[in-house]
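Because the structure is a prediction, the values reported are computed rather than measured. To find a chain, count down the sequence lines: A is the first, B the second, and so on, and within it residues start at 1.
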Amino acid sequence: VPQEPGHATPLNALCVALLALGVLLLARGADAAEKPSDADCLICHGEATATRADGRPLGRDLPRFKDSVHGQLGASCVDCHVDLASAELPHPEKLAPAQCASCHPAAIEQYARSVHAGRAVRKGATCTGCHGVHDILPVKDPASPAYHLNVAATCGRCHADTAMMGARAGIPAAFTASIHGQALSRRGLVVAPNCATCHGNHDVREPSDRESKVHRANVPATCGTCHAGIRREYDGSVHAAAVRKGEMGAVCSDCHSAHDIRATVPAWRLGVVKECGACHEESARTYRDGFHGQASTLGYTRVALCADCHGSHGILPKEDPRSRVSAENRVATCARCHPGANARFAAFDPHADPHDRTRSKPVYYTAKLMNLLLVGVFSFFAIHTALWFPRSWQMRRRQDRGGREKEPESKDGKGESA
Amino acid sequence: MSEPGAPEPVYVRRFAPVEIGLHAALMVSFLGLSLTGLPLLMAQRPWASGVARLMGGYGVTGTLHRTFAVLMMATFAAHVGRILHRALVRKEAGLLWGPDSLVPQPRDLTEMLQHFRWFVGKGPRPRFGRFTYWEKFDYWAVFWGMGIIGGSGLLLWFPQFFARLLPGWAFNVAFVIHGEEALLAMVFIFTVHFFNGHLRPEKFPMDTVIFTGRLPLAEVREERPAEYERMLQRGELPGVGAPAPTRRERVRGYVVGTLAVLLGLTMVVLTLYALARY
């Protein structure tokens, strides 16, 4: 407030303040009318030789702006760089971020709740980080970094970086090698899923987030958007029932992995035993110790794996009469590989445990008896051999000294040179 | 081992050619079965799938295992057939009892106890005859082993057929027996039998009698004095002798025997290493 002696009353002060405000508003209006045109911007930014203070070039992608989706729509520089609408030119080097929200409020709202917001902004997972800057193209344009077939590479720019991602930096490579990655990169199928298909695009969330599309409870629905038939089968399974109740239960990614999903060829199927065993530890152990398990561990694929007897997506507990291993269905299940199997054949226990007396007494006692036999025989011969060896050594030295003609008892030491 | 100028040692026959052949067939089939069965038994060891791959993969390994099994069963059948023929048709005396018999007899127990006393320097060396107690043990261990492993193996080979006769748990039991008895047989043959027969200092590195069928008379006199005396009493000495094995025959015995021993020892090292890791 101006200070003039004798006029310093509150009313005067208010009048002066209102006057100042009016002038300010007028000035702003005048400035708005003169907001820089694109031509004004290109005075500096159109020069290929123009550089920043530190020597870096100015907006290399600016020439492509006119071909960008925004350029095609007739947008001007200050529509995004709103702070430049009122700035004096040349403007300061540091600008406020471009305001995508003014036109794309829904996307920004989703993004604001995503894992990328906040944490990843300074690392590049911003609007421009994925969509491009001045050369931004519609997502449908094959040249856009957000085009369906380009998404994996775009995400990989950060997610394959070990410095940024640590141990998880291998995920993009694993995805590229997967059946989904190959469908995208080698076969060029736009119906194949990319990162965003499962994780979402603007609303990517941590898998631990209940709202995430890849949260355990949501995985079957996410995969099921494409694999609808499998999902229907899975929904009837014991695994799905457990997951619905919030209990431990396998979801798609537990057996198929999340990123490194492979065609279910025989060699892949061998590895699934390990995945089943991650939860079903005891069954995996007894399976491994049985014939089927030994043969499959050696890499033989024409031998019963978990899913061959128990089923895969629609797996049911053996108490359920519809289960493939129920008392009702067991013979038929065995007969799929062993034609002619009868009820006695099917009574073979593929998960026999020689250490568990309650599971099978004959197996338990046979194993005990065999162990006793082994321990007995080898204990006896260990002693026998240990005692014999020094005596045999003596005999050999006598043989070498005196030849076979000498009496074994003779100790005269003659014939050393023989 | 004869010195230059010394008279050629006199040899006597210990094994008939057919017995040499049976042992050779047994040796080949046993090594083959061990080599093809061990990877399955030790499937979880890192070398197992490598060994299986080396033999042409799991499928080939299984086929080889059954092929060697047929060879061993044929050997077993030939041996039992020959014994029956000798006992029932030729009515050979002394086949089932006496010094020429492999049937365990009271004197074997006595000799074993005497042997232990000699080990610790508390008595003279037993006067062994044609077959010692450890040789009889070797024989019957293999005889029993072939029955047990062969029988359980057939059960596992033709489960659909045997399921018409046997309950389901019989296959679980057969599976346990087949593996454990095979483990016993392998470790026994590759350690105890190898030591007793070939690797103990007196015989090291190889006793070729099972390949040539003949051994020096001096060795009989020293190691099997009771047998030597029987030969004297029968008047078989000194006139009856077998031709000395040629150098070629001895070398062949050494090479074949040493290869078998090395193969067996490799397998037993792998087995013991695997067992130690369980």
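- Other residues, nucleotides and ligands place more than 12 heavy atoms under 6.0 Å from the CH2 atom of B/W140.
- At distances below 3.5 Å, not a single donor-acceptor pair connects side-chain atoms of B/R200 with backbone N or O atoms of A/W388.
- Proximity to chain B (any heavy atom under 4.5 Å) is restricted, for A/V377, to the side chain, taken from C-beta onward.
- Chosen from A/P362, A/G340, A/P350, A/A352, the residue pairing most often with chain B at heavy-atom distances under 4.5 Å is A/P362.
- Between A/F380 and B/F116, the ring planes are perpendicular. Angles over 60° get that label, and only those under 30° would be called parallel.
- Side-chain contact between B/K203 and A/R396: absent, with no pair of heavy atoms (C-beta onward) separated by less than 4.5 Å.
- A/T297 and B/Q44 form no side-chain donor-acceptor contact under 3.5 Å, judged by distance and modelled atom types alone.
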Derivation and outcome, ring pair (Phe, Tyr, Trp, His ring centres under 6.0 Å), residues B/F195 and A/F381: CA-CA 10 Å; B/F195 176 83; A/F381 279 102; over 10 Å; no
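- Between the CG atom of A/L373 and the CG atom of B/L183 there is a distance of 11.0 Å, given to the nearest 0.5 Å.
- Residues A/T301 and B/Y58 have side chains not in contact (no heavy-atom distance under 4.5 Å, counting atoms from C-beta outward).
- Taking 4.5 Å as the limit, some side-chain heavy atom of B/L184 sits within range of a side-chain heavy atom of A/F378.
- Taking 4.5 Å as the heavy-atom cut-off, the residues of residues 167-179 of chain B that approach chain A are B/P167, B/G168, B/W169, B/F171, B/N172, B/V173, B/F175, B/V176, B/I177, ordered by number.
- Side-chain atoms of A/F389 and B/P201, non-hydrogen and from C-beta on, do get closer than 4.5 Å to each other.
- Considering all non-hydrogen atoms of both residues, B/G121 and A/R391 come closest at CA-NH2, 3.9 Å.
- The two residues B/A163 and A/N342 come nearest to each other via the heavy atoms O-ND2, 3.3 Å.
- Both the backbone and the side chain of B/F204 come within less than 4.5 Å of a heavy atom in chain A.
- Ring-centre distance between A/H384 and B/Y133: below the 6.0 Å cut-off.
- A/N371 and B/E180 get closest at one heavy-atom pair: OD1-OE1, 3.1 Å.
- With rounding to the nearest 0.5 Å, the separation of CD in B/E202 from CD in A/Q394 is 10.0 Å.
- B/L156 does not touch chain A: none of its heavy atoms, backbone or side chain, sits under 4.5 Å away.
- Remark: the backbone N or O of A/P339 is paired with a side-chain donor or acceptor of B/Q160 at under 3.5 angstrom.
- The residue among A/G290, A/A382, A/A341 with the most heavy atom pairs within less than 4.5 Å of chain B is A/G290.
- A/V238 pairs by the side-chain contact (heavy atoms from CB on, under 4.5 Å) definition with A/I315, A/P317, not counting sequence neighbours.
- Residue B/L165 touches chain A through its backbone alone, counting heavy-atom pairs closer than 4.5 Å.
- Interface residue B/A48: backbone and side-chain heavy atoms are both found under 4.5 Å from chain A.
- Among the candidates A/A347, A/P390, A/P354, A/S296, the residue making the largest number of heavy-atom pairs closer than 4.5 Å to chain B is A/A347.
- Comparing B/V120, B/T61, B/N196 by heavy-atom pairs within less than 4.5 Å of chain A, the highest count is held by B/N196.
- Of the atoms belonging to B/V187, heavy atoms from both backbone and side chain fall under 4.5 Å from chain A.
- Taking every heavy atom of both residues into account, A/L298 and B/A52 meet most closely at CD1-CB, 4.3 Å.
- B/W118 and A/M395 make their closest contact through CZ2-SD, 3.8 Å (heavy atoms, listed as atom of the first residue, atom of the second, distance).
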